[in-house]
Amino acid sequence: MAFAMLAGTERQQRPADRILEVPIMVTVKDEVAWFTGTGILSQEEILSAIDGLFSESPVKRAILDLRGASLSDISPDRFGAITRAGQAHAAARGPGARTVVCVPNEASQLLVRAFAAYSADSSVIRYDAFLTIEECLDWLGRDD
């Protein structure tokens, strides 16, 4: 199944149909949703990407590649809204759903892991964070 979506910013075109200034590109490949973020992301852009994809294609596995993005515009208290948006699609994604975040540094990894631990009691979706795509794919492929 192939699916692609742009979230956040309106699609802007040049004569060669080149896409510009797209903060989150979403694709589905091999039953894994890939959210690739660039630049400074807002809560609204992330929520739009989550709702847009999982409403259309509720896959069990998702990667948020944020190595080229900044979440600096999102205050810590608003991360709960992002998790709740993901949880709204939990039933459609099914048992064993997982979301992994690929981050640019250890500080970001610790932040995501702390938030995942904080929301673990209310979340049926499992979350983790790693520094490389290879680690993310390995974790998504595990059945533990």
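Bear in mind the structure is a predicted one, so any value in this text is a computation, not a measurement.
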Heavy-atom side-chain contact between [X] and [Y] under 4.5 Å:
X      : Y      : value
Leu66  : Leu41  : yes
Arg126 : Trp139 : yes
Arg61  : Asp30  : no

Taking all atoms of both residues into account, what is the closest heavy-atom pair of [X] and [Y], and its distance?
X      : Y      : answer
Ile50  : Phe35  : N-CE2, 3.9 Å
Tyr127 : Ser123 : CE1-OG, 3.3 Å
Ser57  : Val28  : OG-CG2, 4.1 Å
Leu47  : Ala81  : CD2-O, 3.7 Å
Ile82  : Gln43  : CG1-CG, 4.2 Å
Ile24  : Ala49  : CG2-CB, 3.8 Å

Verify same cluster id: Leu64, Phe115 (apolar side-chain graph, 4.5 Å):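 Yes; tracing contacts between hydrophobic side chains, which count when under 4.5 Å, links both residues.
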Let me confirm one number: the [atom1]-[atom2] distance from [X] to [Y], rounded to the nearest 0.5 Å.
X     : Y      : atom1 : atom2 : answer
Thr36 : Met25  : OG1   : CE    : 8.0 Å
Glu56 : His89  : CD    : NE2   : 10.5 Å
Asp65 : Cys102 : CG    : SG    : 5.0 Å

Any residue meeting side chain to side chain donor-acceptor pair (under 3.5 Å) with Arg113, in chain and number order, not counting sequence neighbours: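 Checked Arg113 against side chain to side chain donor-acceptor pair (under 3.5 Å); matches are Asp128.
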Using side chain to side chain contact (heavy atoms under 4.5 Å, CB included) as the criterion, list what pairs up with [X], not counting sequence neighbours.
X      : value
Pro104 : Ser108
Ala90  : Gln87, Val124, Ile125
Ala114 : none
Leu137 : Trp34, Ile63, Ile133

Residue pair Ser48 / Glu45, side-chain donor-acceptor N/O under 3.5 Å: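 Distance-only check fails for Ser48 and Glu45.
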Between [X] (side chain only) and [Y] (backbone N and O only), is there a donor and an acceptor less than 3.5 Å apart?
X      : Y      : result
Lys60  : Gly96  : no
Gln109 : Ala129 : yes
Arg67  : Thr38  : no

Candidate pair Phe130 and Asp138, rule side-chain contact (heavy atoms from CB on, under 4.5 Å), full reasoning: CA-CA 10 Å; Phe130 297 97; Asp138 179 58; over 6 Å; no
By salt bridge (charged side-chain N to carboxylate O under 4.0 Å, His left out) - contacts of Arg93 (at least two apart):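 For Arg93, no residue satisfies salt bridge (charged side-chain N to carboxylate O under 4.0 Å, His left out) once neighbours in sequence are set aside.
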